Chemist: 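Could you have a look at this structure, given as structure tokens, before my questions?
FYI, the numbering just counts along the sequence from 1. Because the structure is predicted, anything quoted here is derived from the model rather than measured.
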Amino acid sequence: MSLRRRLTLHFSLHFILMLCLILLFILGSFFFPAYFILESEMKADFARASEEYLNLAITIEDGKAVINESVKESIRKKGGWLQVVDSKGSVIGEYNAPKELPKRYDFTHILSMDFDNFRTYYWILKKDDDSEITVIYGAPFKSKQILNTLLRSRSFPYIDTDVKNYLVKQNAWIQVYDASGNVVYSYHAPPKLKLTYTEILSMKKAPWNSKVDISSYYDKEKDQMFVVGTSNPYYSPDHITDSIIGASLLNSFLVVFVILLVFAVAVSIWYSKKFGKPLLYMMKWISNMSKGNYMAPKDKKGRIPILNKKGSLHKRYKIFREIVDSLYTLSNTLQQNEETQRRMEKTREEWITGLSHDSKTPLSSLYGFSALLASDQYQWSPEEIREMGRVMKEKATYMSELIEDLNLTYRLKNNALPIHKEKKDIVSLLKEFLAAFAATAEAQEKEIDFESTQDVIFLEIDPKWFTRILDNLLANAVKHNRPGTKIKVKAEANHQCTVISIEDNGIGMDEETVKNLFNRYYRGGNTQDSDSGSGLGMAIAHQLVVAHGGEIIVESEKHVGTTIKMVFPRTNDG
């Protein structure tokens with residue numbers, strides 16, 4: 001069985017097992033934080049408990065409701081009570097319920113139920129057997145107790161001394177509002193207290209967000225609203241509850257994280273024993289190769305651990321047989337590449353040496369002529385000054401072009417050169433370029449011809465950089481061939497591509513030169529001649545062709561000639 005199949009089978013089984021465990025952890029990471037959040041919200045104020053939490057906290061066993069301890073503790077702290085009623089109206093469970101509460105509710109009773117001393121809340125829970133239960137929670141309603149006491153007094157709605165004493169004793173207050181919302185009477189209330197109807201509605205809707213607990217009574221005869229208030233024992237504003245929930249969420253995630261950490265450590269130990277030793281050995285081998293030591297590592301006894309006494313691969317490493325073979329191959333390849341790299345470094349050093357020499361020559365000329373012009377020991381004639389200026393300009397131009405070539409090749413290498421293409425007829429462009437190029441001094445001794453299979457060939461190009469390609473390629477053909485060499489430029493197009501070729505019958509190139517022709521560190525020709533070029537011209541031409549979406553092909557034979565073809569796919573013809 002191949003390594004791919006062995007590893008696929010091996011790790012597939014492990015992956016399925018790990019996936020199942022991870023899914024369990026993911027479900028747990030959702031369930032536990034959610035459960036803790038719901039429980040924290042319930043502990044902050046039982047009236048805010050969710051149906052989801054109560055479904056988990058209240059279970060039915062043998063027809064009886066079982067209430068967990070967290071629910072009981074929350075109810076006990078708030079001084080409330082709880083009843084669980086089944087779909088037939090029977091109370092199947094309760095906690096801290098007053099004796100006067102019924103043990104069974106009929107249809108009208110449960111719908112019209114109203115407790116003077118308690119604020120009631122209801123939840124309808126659907127259990128797993130599709131049965132429904134009703135959870136009734138009663139929370140002490142102190143302000144309503146006080147209001148009911150006042151309503152039973154003979155003097156109310158008049159506020160006499162007895163009423164005032166009762167309010168002070170209960171640490172409560174009363175305010176009377178008219179139809180316009182103005183306070184017409186206030187006793188024992190906080191100074192400057194004036195409630196709006198929105199505030200009153202908010203206090204009734206979410207009493208846990210208010211520091212005061214209020215109850216109201218409407219007197220139809222006087223068209224007045226009596227508001228009785230006292231401190232709210234259930235005050236638990238949202239921001240406090242949110243902080244409690246946040247802490248619970250953090251704790252739950254810490255629990256999940258610890259479980260995952262323990263699981264990960266256990267799996268890591270198991271994998272390290274099963275795969276660690278072979279992998280560590282192969283990593284050591286790779287590390288040694290990175291330091292230049294390509295031989296397989298040996299143990300303290302001088303043996304290669306991956307081999308048994310018979311010299312074949314050890315059983316522990318057989319699953320990695322192909323990798324071991326690849327390491328041996330890589331070792332041999334790296335040794336060969338190291339030798340190639342040494343040759344390339346030598347070529348680069350020669351390129352830098354030649355480039356330094358070519359730079360010193362024009363700099364020497366510039367320095368020498370500038371020193372002569374600056375000297376007052378001799379009066380130069382206008383003709384001599386012009387000649388020196390011409391030479392200085394020529395050398396400065398060469399240096400500028402050299403710097404430009406260096407900058408251009410690195411911009412092309414890093415894709416930082418903008419190419420602005422436009423649809424151009426390359427036949428007319430080539431004719432115009434060759435007419436101008438043939439007039440240069442270097443091209444005077446060469447015979448340059450042009451031919452095209454069509455009168456018009458359109459191509460999407462950047463005229464500036466396309467001209468630079470032609471200039472570099474032709475300059476190379478002219479520079480490195482003998483006088484009298486024939487150079488032919490040909491343009492042709494078919495349904496697949498457009499080809500521009502430059503052929504010459506010059507001295508040709510050997511295989512090594514063709515191989516390195518477009519290398520930035522390779523310089524053809526005689527590098528000892530002054531101003532022999534930067535060695536970047538062909539590299540720049542190649543990079544520009546690639547930037548235009550084409551490719552460049554070189555065919556050459558020593559003493560026969562050279563053909564350079566630029567091939568552009570028809571998708572680039574505009």
Chemist: Is the number of heavy atoms from other residues, nucleotides or ligands under 6.0 Å of Glu422 CD greater than 12?
Modeler: yes
Chemist: So do Leu373 and Met392 actually touch side chain to side chain, heavy atoms under 4.5 Å?
Modeler: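 Counting from C-beta outward, Met392 and Leu373 do come under 4.5 Å.
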Chemist: Report the C-alpha separation of Val456 and Val427 in whole Å, then their side-chain angles, then the decisive distance to 0.1 Å, and conclude whether the side chain to side chain contact (heavy atoms under 4.5 Å, CB included) test is met.
Modeler: CA-CA 6 Å; Val456 176; Val427 174; 5.7 Å; no
Chemist: Can you tell if the side chain of Thr485 reaches within under 4.5 Å of the side chain of Asn505, non-hydrogen atoms only?
Modeler: yes
Chemist: Quick check: does any side chain N or O of Asn472 sit under 3.5 Å from a backbone N or O of Met538, one acting as donor and the other as acceptor?
Modeler: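 No: the side chain of Asn472 does not pair with the backbone of Met538.
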Chemist: Starting from the C-alpha separation in whole Å, work towards a yes-or-no answer on side chain to side chain contact (heavy atoms under 4.5 Å, CB included) for His542 and Leu517.
Modeler: CA-CA 9 Å; His542 175 260; Leu517 187 61; over 6 Å; no
Chemist: Quick one: do Phe433 and Val489 satisfy side chain to side chain contact (heavy atoms under 4.5 Å, CB included)? Show the steps, please.
Modeler: CA-CA 11 Å; Phe433 173 80; Val489 179; over 6 Å; no
Chemist: Which is it for Ile552 and Ile469 under the side chain to side chain contact (heavy atoms under 4.5 Å, CB included) test, yes or no, and what are the steps along the way?
Modeler: CA-CA 11 Å; Ile552 191 166; Ile469 296 170; 5.9 Å; no
Chemist: Checking Asp510 against Thr513: is there a side-chain donor and acceptor pair closer than 3.5 Å?
Modeler: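 Thr513 vs Asp510: donor-acceptor pair found between side chains.
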Chemist: Is there a side-chain contact between Arg303 and Leu307 (heavy atoms, below 4.5 Å)?
Modeler: no
Chemist: Check whether more than 12 heavy atoms from other residues, nucleotides or ligands sit under 6.0 Å from atom NZ of Lys558, and answer yes or no.
Modeler: yes
Chemist: Within a strict 4.5 Å, meaning less than it, do heavy atoms of the Phe568 and Ile461 side chains meet?
Modeler: no
Chemist: Which pairs pass side chain to side chain donor-acceptor pair (under 3.5 Å) with one or both residues in residues 279-289, sequence neighbours excluded?
Modeler: none
Chemist: Determine whether more than 12 heavy atoms belonging to other residues, nucleotides or ligands lie under 6.0 Å from atom CG of Asp455.
Modeler: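 Count not over threshold, so no.
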Chemist: Does Ser74 reach the main-chain N or O of Ser70 with its side chain, forming a donor-acceptor pair under 3.5 Å?
Modeler: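 Here the side-chain-to-backbone pair does not exist.
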Chemist: Kindly say whether Lys486 contributes a backbone atom to a donor-acceptor pair with the side chain of Asp504 at under 3.5 angstrom?
Modeler: no
Chemist: Is the shortest side-chain heavy-atom distance between Thr498 and Phe458 below 4.5 Å?
Modeler: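 No. Closest side-chain heavy atoms not under 4.5 Å.
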Chemist: Are Leu470 and Met566 packed together at the side-chain level, in the sense that at least one heavy-atom pair is separated by less than 4.5 angstrom?
Modeler: yes
Chemist: Residues in salt bridge (Lys or Arg N to Asp or Glu O under 4.0 Å) with Glu338, at least two apart?
Modeler: Arg342
Chemist: Apply side chain to side chain donor-acceptor pair (under 3.5 Å) to Asn308 and list each qualifying residue two or more places apart in sequence or on a separate chain.
Modeler: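 For Asn308 the side chain to side chain donor-acceptor pair (under 3.5 Å) partners, ignoring immediate neighbours, are Ser312.
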Chemist: Would you say Asp471's side chain and Thr467's backbone share a donor-acceptor pair under 3.5 angstrom?
Modeler: no
Chemist: Apply salt bridge (Lys or Arg N to Asp or Glu O under 4.0 Å) to Glu557 and list each qualifying residue two or more places apart in sequence or on a separate chain.
Modeler: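 So Glu557 forms no salt bridge (Lys or Arg N to Asp or Glu O under 4.0 Å) with any residue.
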Chemist: Taking ring pair (Phe, Tyr, Trp, His ring centres under 6.0 Å) as the definition, give me every residue that meets it alongside Tyr294, ordered by chain and number, with sequence neighbours left out.
Modeler: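 Applying ring pair (Phe, Tyr, Trp, His ring centres under 6.0 Å) to Tyr294 gives none.
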Chemist: Side chains of Met509 and Thr562: does their closest heavy-atom pair fall under 4.5 Å?
Modeler: yes
Chemist: Indicate yes or no: at least one non-hydrogen side-chain atom of Phe518 is less than 4.5 angstrom from one of Val554.
Modeler: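 Of all side-chain heavy-atom pairs linking Val554 with Phe518, at least one is under 4.5 Å.
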Chemist: If the condition is salt bridge (Lys or Arg N to Asp or Glu O under 4.0 Å), which residues does Arg386 pass it with, not counting sequence neighbours?
Modeler: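 For Arg386, the residues satisfying salt bridge (Lys or Arg N to Asp or Glu O under 4.0 Å) (neighbours in sequence not counted) are Glu383.
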Chemist: Quick check against the 3.5 Å criterion: does Gln444 have a side-chain atom that pairs as donor or acceptor with the backbone of Ala439?
Modeler: yes
